Protein chains: 2
Amino acid sequence: MARPTIRDVAARAGVSLGTASRALSGNGSVRPATREAVLQAAKDLDYRVNSLARSLRSNHTASIGLLIPDVRNPYFSQLAHVVEQSALEHGVTTLLCNADERPEQMAMYVDVLRERRVDGVIVSPFADAEQALAGLDDDAIPTVFIDRRIPGSPTPSVTSDTSSALDEAIALMSRLGHRRVGFITGPRTTSTGIERIEQVATAADHHGVEVEWQEGDFHTESGHRAATSLLGSGVRAILASDAQTTEGALSAIVEQGIALGEGLHFIGFDGTPATALIRPSLTYVRQQVQEMAATAVDLLVRLRAGEIVTSVRLPSTLVLGGSARPAADHLTEERSCA
Amino acid sequence: MARPTIRDVAARAGVSLGTASRALSGNGSVRPATREAVLQAAKDLDYRVNSLARSLRSNHTASIGLLIPDVRNPYFSQLAHVVEQSALEHGVTTLLCNADERPEQMAMYVDVLRERRVDGVIVSPFADAEQALAGLDDDAIPTVFIDRRIPGSPTPSVTSDTSSALDEAIALMSRLGHRRVGFITGPRTTSTGIERIEQVATAADHHGVEVEWQEGDFHTESGHRAATSLLGSGVRAILASDAQTTEGALSAIVEQGIALGEGLHFIGFDGTPATALIRPSLTYVRQQVQEMAATAVDLLVRLRAGEIVTSVRLPSTLVLGGSARPAADHLTEERSCA
DNA sequence: TTGAAAGCGCTAACAA
DNA sequence: TTGTTAGCGCTTTCAA
């Protein structure tokens, strides 16, 4: 037999279509014995529900969309993994969509998600994303922002608050004797890019430090370029603004054979696998990626249930490694070479 | 108005339901003027097809499933990205599923993919996956193996042939004067794990080298553990079997402060972002990940079209870096410290 | 608790 | 080329 339908199951169990549906979906009451019979018949036939038909009728798909800039970015691939697993715990599958930081591709995916009638969307937006995202609103698809948000938007968001960690970072650089600190920025097209620029500016003011701004775009290449330029102009204290610029900056530093923590103090963002290969170890801003992802799913589920939810802001911390460490801790420092 | 349906579009364009459907889906002939009118009406109404209804009726979903061990593995996240983009070029969306190397989770996802009636599946299998995957066969869902395969299975696969690269690697170690080479294996539950063990064994025989086998499981932790153990027993030539064990082994080497390329020769697998931070640069086996992913999508599309396809095996190469380089090239070597 | 019947939005025959 | 109609497989009223 071709794929058995619920009709076949009902027939085999000797009940009506409706009863079989109630037993299988768990909605509506069924006498235990009847339910058993239906379940057994389904098993005998190796029946599998057609989610297309179910969703068409019931008006929900048990699926959400996750719209991120790029899975290959280790920060987002971790995010994607936790979102997927958290959603699974709610019986919901995730449609992963890579916008590639391109508004057109984001718009295209928004269309796909609308057509597929997903129950909700978790998105990490960027400039010009607002218009692309408007379609979700038109269809009243619950949406949650993750990592980044659109200022002024009523959409609830789960983001991390990096202000105190960045203040600590600048304070540390100041304490290490630096009057000039290089900062590799993120793009002004993202909320995180803008925020971190402002936070660093404020902290620098506060600690009497001058910032050497270097434009970056959250890609490794720009991190590499910016770090090279900063090193060329004699800066000996560098801060990166995300995981990828951190990797890029480190590769430039490593290339030039500069001793981290001695000739140069460096503070990165997010502890990715790559940064584990650095000696001395990396001082970096740690964001709560896992919590962020799990919280976003939770918010979306509650939004879908009709609850009113508010945005969540998770604190981040400065993790001390050898690449920039307060003098007092210097004894514990170990260096592999140089 | 709530979501407009194709009825609304037809009414506005002054045509019948069927005509509107033909104009919108592109199947069947429609007079150009009529088509224009329908498209205009659809645009006016901001109509979006309900893919659930379309798929239910037409019996295809324009979606495929991608079943991989873990997106966080940089090797697979790259694979996932290319698969997604290649599929998009065919107008097909990708459902990304992380099996987490667990048969139950793979079985669960196979169920999900069956219920969602995907048009095809690309999967990177492991031991005990065969039974979980049987469900795809029951539903006659076209399947292609990627990176790994199940020996003896009729399912077409796209894999890389690492034999000559690994032979070169062993030859290089031999030429560098090593009689003993440590090899961090992959799990015997994967075809790649088994193959690489055999290929290394053959090459070692061939070049008169003895292999110090260290069990690994394609995770960073095991790479770290294995490398530590090998270094402890005095081995000074190490080979890893995949991207993750490479990262793990490197972190162990870096931790111990051992000078790569001098006190120790190391050859890794796959050039991930992390390995770009290593000095001297890494000697590694490069697989054609992008081609692999694109080819798998192509195979699946052709399979779906009823073509008979055959498995593809892509050659891989040994990329020379400073971590293990033939003596002749030694002049070009640059070291950052030590 | 169960059955009968309607219909979700669309495509694909079939006729005209 | 177009309109009409049946029906994909399921859930969900409504009665019984």
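Every value quoted in this text rests on a predicted model; they were computed, and no experiment measured them. Just so we're on the same page: letters track the sequence lines, and every chain starts at 1.
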Next on the checklist: Strictly under 4.0 angstrom, non-hydrogen atoms only: write out the protein contact profile of nucleotides 9-16 of chain D, one letter per nucleotide from the 5' end, B, S or -.
Outcome noted: BBBBB---

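The residues B:D138 and A:R48 are annotated as not salt-bridged, no charged nitrogen and carboxylate oxygen being separated by less than 4.0 angstrom. Here B:D298 pairs with B:R302 in a salt bridge; the nearest charged N to carboxylate O distance falls below 4.0 Å. Checked for salt-bridge contact, A:R72 and B:E84 miss the test: no charged N lies under 4.0 Å from a carboxylate O.
Atom CZ of A:R313 has more than 12 heavy atoms from other residues, nucleotides or ligands within 6.0 Å.
If B:S29 and B:N59 are placed on DNA chain D by their nearest nucleotide, the residue sitting closer to the 5' end is B:S29.
Remark: A:S16 is not in phosphate contact with C:dA4, judged by side-chain N or O atoms under 4.0 Å from OP1 or OP2.
In this structure the side chain of B:S25 reaches within 4.5 angstrom of the side chain of B:R54, judged on heavy atoms.
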